[in-house]
Amino acid sequence: MSRSSYLKPDTVALHTGYVPESDHGSRAVPVYQTTSYVFESVSDGSSLFNVEQGGHIYSRITNPTVAVLEQRIAALEGGSGAICTASGMSALFTAFITLCSAGDHLISATQIYGSTATLLKHTIKRLGIECSFIPINDEQALRDAIQPNTKMVFCESIGNPGLEIANIPAISAIAHEAGIPLVVDATFATPTLCRPIDHGADIVVHSVTKWMGGHGVAIGGAIVDGGRFDWAQSGRFPELTEPYAPFHGIRFWEEFGPSALAMKMRAESMRDVGAAMSPHNAFLILQGLETLSLRMKQHVANAAQLLAWLQQQESVTWTNYPDMESNPSHALAATLFPQGAGSMLCFGVVGGRAGGAAFIDSLQLASNLANVGDARTLVLHPASTTHSRLTVDDMQAAGISEDMIRVSVGIEDIADIKADFKRGFKAAQRVAGAA
Amino acid sequence: MYLDVRGNKTYAATGGKEFDNSLPTVMFVHGSGLDHRSWALQTRWFAYNGYSVLAPDLPGHSLSDGKPLESIEDMGAWLAEFIRAAGADSVHAVGHSQGFLDVLELARQAPELLKSITGVGTAGAIPVNPALIDAAANSAGAAAEMLLMWGFGPDAQFGISAVPGMQPIAIGRQIMARNPLYEDLVACNNYREGSAVAKSIDLPSQLVLARKDLLTPFKAGMAFAEELNASVTIIERYGHMLPIEAPRQTLQKLRELIGGLEHSSERK
């Protein structure tokens, strides 16, 4: 276990990265709603620009409120540092373009979030970066996919929406044999349920919009540098080991070692791409993060109860949850997610696509929307929405069927969630009966 | 840059600028299990403000090859060879914790190579808890956990970082866990010559100490400062890892002493 602090995780979530500031003693983290910071002198400004000292210059690059969130997330994940971004997608984009350049290649799991699949398949292809998609737990497929120009392996700790568990220890071992880092999107689990770095991952990405915030009021992302990957020994990353021209020829690995990647992302992507998180959003995410562990316990408990109940319903044709005993990933889930494998579950309803639509349209408590990880229960029909841009074959590879209902189980009273779903099943049965 | 010292490839950070022996040189020596990155927030300032910088990784540490040295006396001798290999005439030597013991030995063995000495978070002797040495014998990672828990002050334990977004304790652990911490701690523990050396050297000297230092308590540093006839600064609120925890304050003190000496030598 790699620690960023000797406080326990629940304490880290409340305190890390901030002690009451000396001017006013504000107990809560203040919102530093400012674009820029006054230099003490010309020489002071110059030394900040030249990384001779730490500090803030401009909020596109760093901001004190955002830094608290970054340090807190890094500590929760056991990383050497973190960069927060405007969204989860910009966090992924930052990770991809920091590690890969034109002519490079990366390997991704097929079961990933639809927008991430689009980014890898189409957008970064335009930048000259090729991606091979593989069933991520197929060890031979992973070995076969590695090329001399492969720069990273990417997966989600719990795939969206297929809920496939990535065997992080096995995947990272194969990647490391080839001198390649493993990047894990851990949004569905949060560090409360699984810390990928402890299992061999090198970089962790989050959409903090989801469970980390939990309130559904702010968009944001984070990239955590695990600090353990030896960029020099790998030999695949001259961007980190050779002089970086835009910064007086700095060699990130020599200068910063375990935080080389985070410093590179800060110096390059935050400066050039500018996908900065707003200080107000950082403040809002911090409010959610304070209660993350309490909420995750309730999310997981509700998911387990709802799953057991769904399995008894006549209108439910199938269910999927990573920790389900009949799921092939059950043993792996128990190892990687001892407190529960999240609060996402999927199921099919009678009546196929039309039955699924009727189910969702009749719900009153659960919200039909394109988000997950809200404290409220959320439902979605992926085939019509998040994954609608995929071909039928790609959809199948991503673990999606036309009748699939994706549920992000909230922390409401479970009796109310069940009552709402009962209403949905009646509607689905009417459609199925009419067909 | 890389140098050959005792036949081993040896890394020395130069603060982001090429080493130039025509400039006054400041040499930074890291503490047990650490490396040149301890000084990341001091070296670049000196390199970009009229000095040349040398911050070596001791043999077997991080980017330097070779077997770790087994005694502080040998580390002092190695530093003398390193300075000569770099082509520097004389240096202002700055040492953190064990690194300052190395500097003391350098001062005893080759005072002609020194213009001044500064100790940061240190004392004249650094006895090491046997439990820590035992832990290091079995696992550098486990020992690093203990050392960093005691080594960083309260703010760092609350995840406060001089560099936005970073976690100094995690960074320190990653460095220490890969380095020969056991050999360093044993060498530290065995060194008893600090007081004798202090009486034998005649160099401008200062100690920068931390009020919350649990590894080299500031009272021990104060007592040693008297023996060394060194000026003393105590930085409040921070722990043993001053160059990382309180980089600005540490840099300021280095600028004052080294800048003052260089300024007065220019006037002469």
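Chain letters run A, B, ... following the sequence lines, proteins first, then strands; residues in each count from 1.
- At least one side-chain heavy atom of B/Asn49 sits less than 4.5 Å from a side-chain heavy atom of A/Glu52.
- Crowding of A/Phe39 atom CZ: a count of heavy atoms from other residues, nucleotides or ligands under 6.0 Å exceeding 12.
- Contact annotation for A/Arg266: only side-chain heavy atoms (C-beta onward) come within less than 4.5 Å of a heavy atom of chain B.
- Of the two parts of B/Phe46, neither the backbone nor the side chain holds a non-hydrogen atom closer than 4.5 Å to a non-hydrogen atom of chain A.
- A donor-acceptor contact shorter than 3.5 Å is absent between the side chain of B/Arg37 and the backbone of A/Pro258.
- A/Ser80 and B/Ala170 make their closest contact through CA-CB, 3.9 Å (heavy atoms, listed as atom of the first residue, atom of the second, distance).
- Between A/Glu255 and B/Arg44 there is a salt bridge, since a side-chain N of the basic residue sits under 4.0 Å from a carboxylate O of the acidic one.
- For A/Val68, no part sits under 4.5 Å from any heavy atom of chain B, backbone or side chain.
- For A/Phe49, the CZ atom sits in a loose shell: 12 or fewer heavy atoms of surrounding residues, nucleotides or ligands are nearer than 6.0 Å.
- Counting only heavy atoms from C-beta outward, the side chains of B/Met166 and A/Gln71 never approach each other to under 4.5 Å.
- Taking 4.0 Å as the cut-off between side-chain N and carboxylate O, A/Glu40 and B/Arg248 count as a salt-bridged pair.
- Using a distance-only test at 3.5 Å, with no hydrogens or angles considered, no donor-acceptor pair links the side chain of A/Arg72 to the main chain of B/Gly159.
- Using a 4.5 Å heavy-atom threshold, the side chains of A/Trp253 and B/Leu63 count as touching.
- When the shell of 6.0 Å around CZ of B/Arg237 is examined, it contains 12 or fewer heavy atoms from other residues, nucleotides or ligands.
- More than 12 heavy atoms of other residues, nucleotides or ligands shown are found within 6.0 angstrom of CZ on B/Phe19.
- Using a 4.5 Å cut-off on side-chain heavy atoms (C-beta onward), A/Leu7 and B/Phe158 make contact.
- Comparing B/Ser161, B/Ala55, B/Ala40 by how many heavy-atom pairs each has under 4.5 Å with chain A, the most go to B/Ser161.
- In terms of heavy-atom pairs under 4.5 angstrom with chain B, the leader among A/Glu254, A/Met263, A/Glu70 is A/Glu254.
- Scanning both residues, B/Gly165 and A/Ala67, for their nearest heavy atoms gives N-CB, 4.1 Å.
- You'll find the side chain of B/Val163 stays beyond 4.5 Å of the side chain of A/Gln53, heavy atoms only.
- Counted within 6.0 Å of CD on B/Glu236, heavy atoms from surrounding residues, nucleotides or ligands total more than 12; the atom is thus considered enclosed.
- Using a 4.5 Å cut-off between heavy atoms, B/Ala13 does not touch chain A at all.
- Two residues are said to be in side-chain contact when any heavy atoms from C-beta on lie closer than 4.5 Å; A/Asp225 and B/Gln167 fail this criterion.
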**Request:** Test side-chain contact (heavy atoms from CB on, under 4.5 Å) on A/Arg228 and B/Arg178 and set out the steps.
**Result:** CA-CA 10 Å; A/Arg228 207 165 36 202; B/Arg178 298 177 195 191; 4.0 Å; yes
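- Your options are A/Ile250, A/Thr62, A/Ile61, A/Asn50, and the one with the most heavy-atom pairs under 4.5 Å with chain B is A/Asn50.
- When each of B/Leu251, B/Leu41, B/Thr43 is scored by its heavy-atom pairs under 4.5 Å with chain A, the top score falls to B/Leu41.
- Among A/Ser43, A/Gly54, A/Ser47, the residue making the largest number of heavy-atom pairs under 4.5 Å with chain B is A/Gly54.
- Other residues, nucleotides and ligands contribute more than 12 heavy atoms inside 6.0 Å of the NZ atom of B/Lys115.
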